[in-house]
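Chain A is the first sequence line, chain B the second, and so forth, proteins listed ahead of strands; every chain is numbered from 1.
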Number of protein chains: 2
Amino acid sequence: MPKQVDHDERRRQIGDAVCRLIAARGLDAVSLRHVAAEAGVSMGRVQHYFATKDEMLMFAFELISSRVAARFGALPVEDPAELLRAVLLELLPLSPAARAEAPVLAAFLAQAVVEPRLGEPLRQGNGEMVAWLAGMITAVRPGGDAERDAMALLAFVDGLMLQVLIGQVSPEMAVELVDHQLSRVLTCG
Amino acid sequence: MPKQVDHDERRRQIGDAVCRLIAARGLDAVSLRHVAAEAGVSMGRVQHYFATKDEMLMFAFELISSRVAARFGALPVEDPAELLRAVLLELLPLSPAARAEAPVLAAFLAQAVVEPRLGEPLRQGNGEMVAWLAGMITAVRPGGDAERDAMALLAFVDGLMLQVLIGQVSPEMAVELVDHQLSRVLTCG
DNA sequence: CGTTTTACGATGCGTTCGCATTGCAAAAAC
DNA sequence: GTTTTTGCAATGCGAACGCATCGTAAAACG
């Protein structure tokens, strides 16, 4: 056999190229040839690591999902209120990393509207997010319907992410909106 | 010439088929052949009324935009608070009409992230929406930063629309979230 | 050393795509 | 009644698509 190669690493490289393509030109710009070109490899290699285009896209989806989760895990543990704020801001395209990931998330989010197979993992991730947010809210402001507030916050930052992506809302304004929203949730329970 | 035909009506019929396709299978399911089949006409006719696929998609975008605007205009004029609530709920996929339009709006919204030509009209529409919402907020609750609240509300309902579309949030829960959010904005300015 | 297995690169196939072209029936214009 | 113009239907074209197949260099394995 040829030199034993790190299978997962190769898949990750190709998955990265897929994400870059989605971020720059949207989901329908993803073709085996474009991905190969973006990754700087041959089309044969792409096919070697992914049996179908669909499997490749699913892998890319799990890749960015895990990246977002990793960024959350890397946040410094501060008091609950600061952590809550940090997580919400992390979902917005403010840092370079988030700015690269947000368009990809947006594309998959829209695709999930017409593709049930994407909806399932997305709902699960959102559900965990809501539970976590609710926990933080309760820690800061006991009493009140924390879960409802968590769902509202998540919908809010999701929409805000899109508004920032299409240039409707500036990053600075987005931060201000998040802070204002948070103060409302945490003070007038 | 053949029987004089209502040009605009024919374009509308085809545009309708485009929207139905987008709602059911996403933007990338839109091809000249699929549109022709969905509209029950020949591909030649589609080409006769739209020089390019892009022009057809742009027309479909303006079509649903005008429909949404029409539904807003058709709302009964009540007191500002009720009207504000009605408009926000109208953006969610609750009524049959809104449920048909929301997936199309979501698809165009996501496309606008990577297609600047869509972003421009979208930003303008959102801008007008924010101004209108701010006016209503001021009417109900003078003082406070109405425009900021309007932007937050719009981001919130945009995100909520997506959550409902992917089945994360039930329509009933969405109404509850909107009401709760509105009460916060209007009472704890 | 020889065999086997891995990791590709290359090529080709059938389909679908957007779009251009052509032809023609029918009604308005004269 | 002829001419002209409109509204299509039909067909074709080159490009791009996902995917299958085949060939091969090379390293692990016995």
Side-chain angles (χ1 to χ4, degrees), chain A residues 1-63 107-108 111 114-115 117-118, chain B residues 1-63 107-108 111 114-115 117-118:
Chain A
M1 350 161 161
K3 54 195 166 214
Q4 281 286 27
V5 124
D6 187 336
H7 203 77
D8 291 345
E9 167 69 9
R10 286 272 152 98
R11 281 170 69 94
R12 200 191 53 74
Q13 284 174 2
I14 295 172
D16 264 345
V18 174
C19 289
R20 265 178 277 135
L21 262 182
I22 295 176
R25 307 209 277 126
L27 256 175
D28 40 337
V30 176
S31 75
L32 298 187
R33 291 157 229 266
H34 284 157
V35 169
E38 173 70 34
V41 303
S42 76
M43 198 177 136
R45 184 185 276 190
V46 175
Q47 286 192 265
H48 180 69
Y49 286 102
F50 298 99
T52 67
K53 176 186 176 179
D54 207 76
E55 182 192 328
M56 184 180 72
L57 284 173
M58 284 302 186
F59 178 82
F61 172 65
E62 290 161 18
L63 187 62
F108 279 121
Q111 187 67 16
V114 291
E115 171 65 55
R117 283 173 35 251
L118 265 177
Chain B
M1 352 165 160
K3 55 195 165 210
Q4 281 287 25
V5 124
D6 187 337
H7 203 78
D8 292 345
E9 167 68 9
R10 286 270 152 99
R11 280 170 69 94
R12 202 190 53 74
Q13 283 174 3
I14 295 172
D16 263 346
V18 173
C19 290
R20 265 178 277 135
L21 262 183
I22 295 176
R25 307 208 278 123
L27 256 176
D28 40 337
V30 177
S31 75
L32 298 186
R33 291 157 228 267
H34 285 156
V35 169
E38 173 70 34
V41 303
S42 76
M43 200 177 134
R45 184 185 277 189
V46 175
Q47 285 196 103
H48 181 69
Y49 286 102
F50 297 99
T52 67
K53 176 185 176 180
D54 207 77
E55 182 192 327
M56 183 180 73
L57 283 172
M58 285 302 187
F59 178 82
F61 173 65
E62 291 160 17
L63 187 62
F108 280 120
Q111 187 67 16
V114 291
E115 172 64 56
R117 285 176 29 253
L118 265 177

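Residues that satisfy the side-chain hydrogen bond (donor to acceptor under 3.5 Å, both in side chains) test with B:Arg33, not counting sequence neighbours, are absent from this structure. A search for side-chain hydrogen bond (donor to acceptor under 3.5 Å, both in side chains) contacts involving B:Glu62 returns nothing, not counting sequence neighbours. B:Arg20 pairs by the side-chain hydrogen bond (donor to acceptor under 3.5 Å, both in side chains) definition with B:Glu38, not counting sequence neighbours.
Between A:Arg45 and C:dA10 there is no side-chain polar atom (N or O) within less than 4.0 angstrom of OP1 or OP2. For C:dA26, neither phosphate oxygen OP1 nor OP2 lies less than 4.0 angstrom from any side-chain nitrogen or oxygen of B:Gln4.
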Side chains of residues 24-32 of chain A: which donor-acceptor pairs under 3.5 Å do they make with residues two or more places apart or in other chains?
| unit_1 | atom_1 | unit_2 | atom_2 | d |
| --- | --- | --- | --- | --- |
| A:Ser31 | OG | A:His34 | N | 3.1 |
| A:Ser31 | OG | A:His34 | ND1 | 3.4 |

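Within the 4.5 Å cutoff, the side chain of A:Arg10 has heavy atoms near those of the A:Arg45 side chain. The side-chain heavy atoms of B:Asp6 and B:Asp8, taken from C-beta on, include a pair separated by under 4.5 Å. Between B:Phe61 and B:Ile22, every side-chain heavy-atom pair lies at or beyond the 4.5 Å cut-off. Within the 4.5 Å cutoff, the side chain of B:Tyr49 has heavy atoms near those of the B:Val5 side chain.
Following rounding to the nearest Å, A:Phe50 (CZ) and C:dA7 (P) show an atom-to-atom distance of 14 Å. Rounded to a whole Å, the NE2 atom of A:His48 is 18 Å from the P atom of D:dC22. Between B:Glu9 atom CD and D:dG7 atom P the separation is 14 Å, expressed in whole Å. Separating the NE2 atom of A:His7 from the C1' atom of C:dC8 is a distance of 12 Å, rounded to the nearest angstrom. The CZ atom of B:Arg11 sits 13 Å away from the P atom of D:dG7 (whole-angstrom rounding).
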Enumerate all atom pairs, one protein N or O and one N or O from nucleotides 1-3 of chain C, separated by less than 3.5 Å.
none

Treating primed atoms plus P, OP1 and OP2 as sugar-phosphate and everything else as base, which nucleotides of nucleotides 10-18 of chain D get B, S or - for protein heavy atoms under 4.0 Å?
-------BB
